[in-house]
Structure formats: C-alpha cells, structure tokens
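These figures come from a predicted structure and were not determined experimentally.
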Amino acid sequence: MHSLAFNYNSETIGGSFILYADCFDWLAQIPENSIHGVVTDPPYGVKEYDIEQIKKRSNGKGGIWRIPPSYDGHQRSPLPRFTALTHKERTTLKCFFVEWAKLVVRVLRPGSHVFVASNAFLSQLVFSALVEGGLEFRGELIRLVRTLRGGDRPKNAEQEFPHVSSMPRGCYEPWGILRKPIPSGMKVSDCLREFQTGGLRRTPDGNPFNDVIFSERTPRQEREIANHPSLKPQSFLRQVVHAVLPLGEGILIDPFMGSGSTVAAAEAVGVCCIGIERYAEYYQMSRTAIPRLAALNVSPHLRKSTENVDVQISTDSQQHQQLTLG
C-alpha cells in the first residue's frame, strides 16, 4: 500500500497512511483496479472551500459564509452557501464530479462501492454527475441529523412573511451509494471471490447494513480534536467504513480527507485507509487528530436507534391497515 505514496509527503498512522496531495493528480498516477472502496465528504469545488476563502475565515478576515458568524447571539461555524450557487458555478460543480468519477472508476476494482456525502439541495446534480462519470447509482444512505440548513423566512422580508419558510428545515443528510459496475455476466458472489468487492458488509451483529442511520451532531469532544467545518461524527463514520469493504479487507480511500475523520474511523474498525488532502493546514491537523479520534470510545446507541425504525414502520403499517379496513 505504501508504494502508492509516490513522492508526496506522507505519514503512516497505524495500518493507514495519509498524503499531502491533490487527489486528482494522485488518482491519475495509481494503478488501475487497485482500490476497494471510497468514503468521502467532498468540498464540492465551491467558493467556500477555496483555499483563499478558508485562509480568510481561519484568520478572522472575512471569507464567504453561508450564514453570518454571529447569529441570534450565537457563534456559528462556516458553512457553504449551496443555495446561492449561480448557473456557472453549478456547471463547474457538475464538471468537477464527472471528471473525478472518471478517475475513481479507473482505480477502483469492479464492484467497489463509493459513499459520497452531499446535501438535499445538490444531491441530484452530484449523483447524476457521478453516474455520467461511470459509476452506477445504488441508492442513498440517509443520515438523520438536524442541520442548520433551511427553515429561514424570506430574506429581508421576515416581518412581512412571518409564517413562510424559503426552504424546509434540514433534518437529514443524503450520502450517495454508488458502485463501479460489475463485469457483464458476473454475479455478486463471483465478484466477491475475484475482487473482494460487490456487496456491503453486514453489521457486527449479522444484520444488514441499513440505508438510514440515526445520527448526532458531531460531539464537542471531537470538534475540539479536529476543528474542521464539515467534521462528521465517529459514531456515524465507523458504521459506513465498516460496511464499504464487504470482506473486511482491501484498501479504502478518502480523496478529500480534511482533518482525517474517515481515516480515524477506519483505524477504529480495523481496516486500511489512505487519506489524501491538498490543504496544508488540514493535512497537518490530521496527523494528530486521526489517532485521537480513532482512540475514542464511541457509544453504540445509534445502531439501536436504527433498529427502532423497523418497529416504528411495523406499527405504522398496522395502524394504516386498521384504518383502511375500518
């Protein structure tokens, strides 16, 4: 695996390693059919994640924010203004993901899965671009979590329209589940035998991996370890990382590593991961954040919450049937 570091600055952390590189450049160099899975939260190539904007926000000297840094008396973390994208920016965004998907398809083994974080406003554009780039759409993973997106009254007309919201309040985060196509005529079982890919790993208790996960906002303890604007909680990422390698073996990559939370999740569940990050500050942050995040004792209560979905669905179905019969 370490032969994939090439001449980039890199560092080994447990059974994984991280690189300071642009993932587009790195993906273009590694051998075909060498990667078994991807879990990533991309920057979307929008202004909020340009290095210049990140530096401005870090230094407290401006930068683009989705919402003001101080709002209703509370300090806010910077979030991207996805609803403010122009037609040109959306076109650039689509091209970004089409080209990225083409590189990813080349390096993935057939049947390898790709989990990509998105949001309700852009997911249609992002997922369709990934399909155009050669991946096949396999569904969505819904992370149920209350966000700061949406729910606002019309801008500059809040008092005139106090009972109106421009968009619904965000209560979920969609992750695209995509896969490099399995060769024609090959079954999932054949793909598992030949490439160690093709399916998703069941949970440790033997149940299927669910496409809905009750999540939490990233805990303060984790944010204090890694001060990244889109840090995802270990309680969520560890479940995804566990699922993406069906046999629990192979190489997982996070091409947009950020502060290293996916690599930390991989270390925590015992799989190998390569993290790639092009922004020096986040790369340096990941060097210390990954071992600390991986060492956290994460509560398994979220999986129990997911199991309760089955009970609720069953109850709702029975009630609906009774109303219909009545």
Side-chain angles (χ1 to χ4, degrees), residues 27 32-42 44 93-94 96-145 172-203 206-215 232 236-256 262 265-266 269 271 273 303 306 309-310 313:
L27 288 168
E32 296 183 25
N33 304 320
S34 57
I35 301 300
H36 298 73
V38 178
V39 175
T40 195
D41 182 5
Y44 290 100
L93 185 65
K94 178 181 178 181
F96 176 89
F97 279 104
V98 170
E99 294 308 310
W100 182 77
K102 290 178 180 178
L103 290 170
V104 167
V105 168
R106 187 186 73 82
V107 305
L108 286 177
R109 292 190 172 201
S112 297
H113 276 81
V114 178
F115 282 76
V116 180
S118 186
N119 65 79
F121 189 76
L122 285 181
S123 60
Q124 179 187 19
L125 185 154
V126 173
F127 300 159
S128 63
L130 295 175
V131 170
E132 186 174 332
L135 292 167
E136 61 176 359
F137 183 72
R138 301 287 292 175
E140 293 182 57
L141 166 61
I142 301 302
R143 177 188 170 216
L144 290 181
V145 58
Y172 76 99
E173 180 179 76
W175 284 61
I177 305 176
L178 301 106
R179 188 176 70 175
K180 179 172 178 176
I182 292 176
S184 179
M186 179 177 279
K187 298 180 294 186
V188 170
S189 56
D190 299 325
C191 196
L192 286 166
R193 295 185 189 103
E194 184 168 347
F195 301 112
Q196 299 79 52
T197 58
L200 295 171
R201 194 177 180 189
R202 287 175 171 256
T203 60
N207 286 315
F209 175 75
N210 289 333
D211 61 5
V212 175
I213 295 180
F214 282 83
S215 186
K232 299 298 187 291
F236 170 77
L237 284 175
R238 292 182 186 183
Q239 295 181 62
V240 178
V241 166
H242 182 273
V244 74
L245 299 179
L247 302 183
E249 59 187 60
I251 301 174
L252 170 69
I253 64 171
D254 182 354
F256 306 102
T262 299
V269 303
V271 299
C273 184
R303 184 174 299 141
T306 306
V309 173
D310 298 331
I313 291 175

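In terms of modelled atom types and a separation under 3.5 Å, the side chain of Ser118 and the main chain of Gly176 share no donor-acceptor contact.
Listed by chain and residue number, nothing satisfies the salt bridge (charged side-chain N to carboxylate O under 4.0 Å, His left out) test with Asp211 (two or more places apart in sequence, or in another chain). Qualifying side chain to side chain donor-acceptor pair (under 3.5 Å) partners for Arg106, counting only residues two or more places apart in sequence or in other chains: none. For Arg109, there are no salt bridge (charged side-chain N to carboxylate O under 4.0 Å, His left out) partners two or more places apart in sequence or in a different chain.
Considering all non-hydrogen atoms of both residues, Gly133 and Val105 come closest at O-CG2, 3.9 Å. Contact record, Cys273 with Asp254: SG-N, 4.2 Å, taken as the closest heavy-atom pair. Of all non-hydrogen atoms in Leu192 and Gly199, the two that sit nearest each other are CD2-N, 4.3 Å. The minimum heavy-atom distance between Gly111 and Cys191, with the atom names listed, is CA-SG, 3.9 Å. Between Val145 and Glu173 the shortest heavy-atom distance is CG1-CB, 4.4 Å. The nearest pair of heavy atoms linking Ser123 to Pro174 is CB-CG, 4.0 Å.
The structure places OG1 of Thr203 at 7.5 Å from CG of Asn210, a figure rounded to the nearest 0.5 Å. In this structure, CD in Glu32 is found 11.5 Å from CG in Leu108, a value given to the nearest 0.5 Å. Atoms CD1 and CD, from Ile177 and Glu140 in turn, are 8.0 Å apart once rounded to the nearest 0.5 Å. Of the inter-residue distances, the one linking Trp100 atom CH2 with Leu130 atom CG reads 6.0 Å to the nearest 0.5 angstrom. Expressed to the nearest 0.5 Å, how far CD1 of Ile142 lies from OG of Ser215 amounts to 12.0 Å. Atom NZ of Lys232 and atom CZ of Arg143 lie 6.0 Å apart (nearest 0.5 Å).
Between His113 and Phe115, the angle of the ring planes lies from 30° to 60°, which puts this pair in the tilted group.
Within the structure, the salt bridge (charged side-chain N to carboxylate O under 4.0 Å, His left out) test picks out the following pairs touching residues 178-189 (sequence neighbours left out): Glu136-Arg179. Applying the salt bridge (charged side-chain N to carboxylate O under 4.0 Å, His left out) test to residues at least two apart or on different chains, the pairs with a partner in residues 121-134 are Lys94-Glu132.
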Open item on the list: Trp175 vs Val39, test: side-chain contact (heavy atoms from CB on, under 4.5 Å). Steps then yes/no.
Closed with: CA-CA 10 Å; Trp175 284 61; Val39 175; 4.1 Å; yes
- [ ] Could you walk me through whether Asn33 and Phe195 pass side-chain contact (heavy atoms from CB on, under 4.5 Å), step by step?
- [x] CA-CA 9 Å; Asn33 304 320; Phe195 301 112; 5.9 Å; no
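No side-chain heavy atom of Ser112 sits less than 4.5 Å from a side-chain heavy atom of Ile35. Side chains of Leu135 and Phe97 form no contact here, defined as non-hydrogen atoms less than 4.5 Å apart.
Exactly one residue among Ile253, Val240, Asp41, Leu237 makes a side-chain contact (heavy atoms from CB on, under 4.5 Å) with Thr262. That residue is Leu237.
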Can you give me every donor-acceptor pair (side chain of residues 243-252, partner residue at least two apart or in another chain, under 3.5 Å) with its distance?
none

